[in-house]
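The structure appears right after this line, and notes come after that.
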Amino acid sequence: MSLAELTRNSFQCGVSPQQWLGLCKLLVQQHHVGVDFSTAISNTILELYRLYPADPTLREYLQLALSDGLLSNAVFVSTFIRAARDPELQNGSTLDMLCRLALNTHYTSGSSPAGSIIPLADSQVSVLSKVQDALALLRIAHSLPPSNFHQLIVSASELAILLLSCVTDMSQLTAAQAMIYLGDANDVLQSLRLSQELRQVLEGFVLSLSLLMGDDAKAIRDAQMLHAMQLTMGKNDVHGVNGETDTVTCGLLLQSLVACRTCDFGAGSDLEAVAVMTGTLRWTSWAPNVFCTQLLVAALTCVAQSSAKDDHESSFSLWRAFVVGRLPRLLFALEKSLEAHGTTEADWRAAMHAALLSLSQRSDLLAQCDAVARQGKGLDSSQDNNTTYRSLIREFIQQLLAVGIIEYAFAVSMDPMMVNDPRTRLQSEAFDHGCSIETYLDSKLTLDSDPEDTSLLLEKIHQEPGSHYYLAAVVQKRFTSHSTSLDLEHLSHLTRTLYHHDFALDILSLHLKISNLICNALEIISEYDCETVGDPQTAVSHLGDIVLFAEMVLAKFRISSPIIKDGKMYRTELLRCTSRVYQLDELSLEHKSAFATWYKAIFDSNSEGIDDALLRTTKPQILLQISATLFSQAALARHESRLDNDTLQTGMSYFLGPLLRWTLVGVIHAMLFEIGQRALIAPLHLAIVQTILCSPHCPIVVRRLCSPSCLRLLSSRRIQAFPQSPVLDISVIRATCFQTLGVNKDPSCKALEDHQISPATRWMDFPKQEIHEALALARRHKAPRIDVTRCLSATSPSTFLNLLWSELSVASSLGEMETCRRLATFVLAMPRQLSSAPPLLPIFMYNVLPYLITAIDQQQATEKGMNTQLLVTIISSALTAALHIEWAVQTVCEEQRFVLGQPSAAIARRLAADLRAQKHGSSTSATILQRLGSSPAFVTNFPVFVM
C-alpha cells in the first residue's frame, strides 16, 4: 500500500489524525518508501481538499505531519502554491486555511524563510518559479469573492513576501527569463491593490530584474522608469511603425482635448490632460523633439482647418484660444511630469526649440492659418495684412516664453519683433496700474463696474489668449468664494456676465473644470430657501441668474451625466428635467401644495399676485420643478374656457419679469413637447411660446437655449398646417429664432435644412459618416476627429465597433494600415467620461473580436491575410497604448483607477487564454497568438503571450 492510498483510506474510514500519523510512520519504516514521501502526503491531502473543501480533519492531518517532521513545510509550500492554480481547489476558505497553516508552521519554527519556506538546496531558478506560483495565488485571492470568514489576500501577501525575501542572486538568469519574471511582477503591481509592504518588496524585485537586463546608462534609466511605472518601454514591431511624420495621432489627441474639454480628460482638466499626453508620448516611442514637432504641427493644422465663424464649435477663435492660451501651459505641466521620470529641463527646452524651428519652415501651414484669420476679421486676400499669421506665431512664442519652456534669446531669434513687443495690451495696462494682470482683472470685474466697460474688457480678453488663464483664475476664485458665503448678489452678477458672453464660457472650459462650477451652482439651487431672507424677491431674482448660467453651461457643453466632485455626486436632472409636466397625483404633498398656491396667485383673476410670504414658503427648487406644470394646466384651462385670455396674459407677464424669468427654459420646452405630441389640439401652446419667446422682456439666454428646439418643431408639416390668427404668427417665431442664432434666413421659408429634424436613418448614419470623415481628413494630411461619445448615442457600442472594423478593413486594403491603426487605437484606448461612454477596449476584446475571428476564418486567403494583419496590429497597438495611459494616469494623477474599464494586463490575460483555447479550431486565432507572442516589445509588456 502506498502513502497516498493509506492517507485516502484513513480519511474516508474516519481514522483519527494521530492514528493516521502512526500508520504513515510505520509504513515509511517498513517499506522504505524513500525520500519523496513528503510530496506524496502533501499531494494526497491536497487532492482530498478538492472533494472536501476546508475540512478540519484534513487540516489536522497536515498540522500533525508538519509538526512531527513527516512533512517538510518547504515541500508543502511548493506543492500547495502549485496546486492552487487548479480551479477545483480555488475555494477561499480552503486556500486561506492551507496558506495560514504554512505561515504558522514557519513562524513557530524560528527559522529563516530559506530552509523553512524553501529548501536550503533550492536553486535561484527554482525559487523564482515558486515566486511566480505565489503571485498566481495572489491573483486568485483577489479574484475570489471577499468574505468575513477568511483573509486569503492577507495570507497570500505574507507568503509572497517571504518567498521574495529568498531571492538573493539572479545572475544566472537569461534576459528572456528575466523578462518573463519582470512582466509577471509588473502585472501584479499594476492590476492588484497590494499592501504597502508587499508593494515595496515587489518594486525592489522589479528594479533588480530591470537592472539585470542591461548595464548601460539607457538601461538604467529605463529600469528606474520601470520601478515607477510598472511597465517596460520599447519600440513597436507588430504595433506599427510609429513614423515620425505622423500628424494623425496628435491631431486626434488635440481634437479630443478641445471637443471634450469639459470632460474628465479634456483640456479643462489639468492632470488628466497631461496624463493623456504623457501616455501618448510613451506609446508612440517618439523622442521629445519629434513629439513636440508633431504636436505643434497638428495644433496649427487644427487652426488651419477651423471655421472663421465664431459661433462654430470648431471656430478659429476657439482653436486660437486653445493653441495660444492653453497649450503652452499643458506643455509646461507635461515637462514637469516628465522631469520626474528622467527627462531634464534642458532636454525639453531643446525639444521645444527644435519643434519651433521645424514649424517655422511650414510656410504653407502658416499661410492657411493666415487665411482663416483673415476670414474671421472680414478681410479679403487682396488686403495688405501679411502679419496675421506671424501674429499668431508671435502670440504662441510669447506664451511659451511666459510659462518658461523656451529661452528669451531663442524667442528673439525666432521673431526679432519680440524685443519691441514684449507685452500684450492688457499686460501693459496692468503694468501701468502697478499690479499683476490677475489683480487687474479682479479689480475690473466687480459689481460696481459699468456693463459696457465690462463688455469691452471681456472683448479685449477675448482678443488676447495670453490673458485667458488669468480670467479663468479670477472667475474660479470668485465663484468658489461667493458660493461658500452664499453671496447671491455678487454671484448673480458674475454668472449674468458670463452667460451674456458666450466666448467667456469657452475660455473657462479650456482652463478649468467648468463642471465644478456647476456643482457649486447645483448645491445652492437645491438647498436655498427664502425663509429668513429680508428681500425674497431680490434674492429669487439673483438665484435665477445662477439657474440660467447653469442651464446655459449644461446645454452648451452637452453635460448630462452626474458630476462627481470631492467624492460627492451631483445630479443634473434638477436643471435638465425642468420641462417635465406632472399629473397632479404624481406630485408630492409639498409640491402639490406649492402648485395650488402658485396657480391661484398667478392664474386666478381674484388673486392679489405674488407676495413675499409666498416666496418665503416655497423653495426655489420646487418652483422650478412645477413651472412647466403650471403653464400646462393654464393652457388646458384656457382651452376649456375655464380661464380667460386676459388672466392668462397677466399670468405670463409674471414670468417675463426678473422674478420668474429664470423658469422659462423649462416652460418653453414643455410647451414645445406638448405641441409635438398633440399638434392641432394644442394651438394655445404655440401662442404661449410666441408670447414668451418674442417678448422684448424674454432673456436672450432663454431664447438661445430654446430656439434650436423651436425651429426643429416648426419644420414639421403638421405644425406648418396651423392656421394663422391674430395671436399666432409662425413666421414671427421663426424670425426671432433665426435672429437669436445668427442665421441669415427668410423667416417665411418652409425648408429649414439647418434645423430640420433628421430622419431616423440619417441619425443612425452619423457614426458611419464620422468614420468616413476621419479617414478622409487623414488622407488629406489634416487633423482627423471623431466624436465617439456622440456615435455611441446613436448606436450600441458593439454595433459601432463592428462598423468601425468594416470601414477600417476597407481602408487597410487600400494601403492605409497605419491610419487604421492610429484611428482604432484612439477609439479603443483613449479614456473618456465613463458616465457618458462605456469603455470600448474590453467590449472589443470580449464581445466583438470573437465574431471577427470567426468571420475571418471563412474568408479567402488574400483577404484573410490582410484582415488578420489588421487585427494583430489593432490588438497590439491598443493594448500597448492602454498600458501607457494607465501608467500615466497612475503617476501623473497619483491615483489608481482603471480609466478603460479594466486593467490592460487583465484584458491581455483573458485574450491570451481565449486565443489559446481556440487556436486548434481557428487558424486566425493561432496566427494572432503566434504574431503577438513573437513580438519582443509586446511580450515584454504582456508576458502572458510568451510562447
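These numbers come from a predicted model, not from an experiment. In what follows, every heavy atom counts, from backbone to side chain, and hydrogens, waters and symmetry copies are set aside.
- The nearest pair of heavy atoms linking Val276 to Ile885 is O-CD1, 4.0 Å.
- In this structure, Ser195 contributes its side chain and Leu198 its backbone to a donor-acceptor pair below 3.5 Å.
- In this view, Pro119 and Ala74, Asp122 satisfy the side-chain contact (heavy atoms from CB on, under 4.5 Å) rule, not counting sequence neighbours.
- Under the 3.5 Å distance criterion, the side-chain polar atoms of Asp68 are left unmatched by any main-chain donor or acceptor of Leu64.
- At least one donor-acceptor pair under 3.5 Å links the side chain of Glu886 to the backbone N or O of Ser904.
- Between Thr789 and Arg832, the shortest heavy-atom distance links the atoms OG1-CD, 4.3 Å.
- Distance alone, capped at 3.5 Å, places no donor-acceptor pair between the Thr880 side chain and the Ser877 backbone.
- Shortest non-hydrogen contact noted between Ala54 and Met97 is O-CE, 3.4 Å.
- For Gln18, the CD atom sits in a packed shell: over 12 heavy atoms of surrounding residues, nucleotides or ligands are nearer than 6.0 Å.
- For Asp55, the side-chain contact (heavy atoms from CB on, under 4.5 Å) test picks out Phe11, Tyr52, Thr57, Leu58, with sequence neighbours left out.
- Exactly one of Ile907, Leu840, Asp914 qualifies for a side-chain contact (heavy atoms from CB on, under 4.5 Å) with Met845. That residue is Ile907.
- Although no hydrogens or angles enter the test, the distance criterion places no donor-acceptor pair under 3.5 Å between the side chain of Thr927 and the main chain of Thr868.
- Heavy atoms only, all atoms of each residue included: Ala912 and Leu929 are closest at O-CD1, 4.4 Å.
- Ser78 places no side-chain N or O within 3.5 Å of a backbone atom of Val75 that could act as its donor or acceptor partner.
- Formation of a donor-acceptor pair under 3.5 Å by the Asp857 side chain with backbone atoms of Thr924 is found in this model.
- Legend: residues meeting salt bridge (charged side-chain N to carboxylate O under 4.0 Å, His left out) with Arg916, ordered by chain and number and at least two apart, are absent.
- A distance-only check finds a donor-acceptor pair linking the side chain of Thr854 to the backbone of Pro850 [under 3.5 Å].
- Each of Val77, Leu62, Ile45 was compared with Leu98 under the side-chain contact (heavy atoms from CB on, under 4.5 Å) criterion, and only Leu62 meets it.
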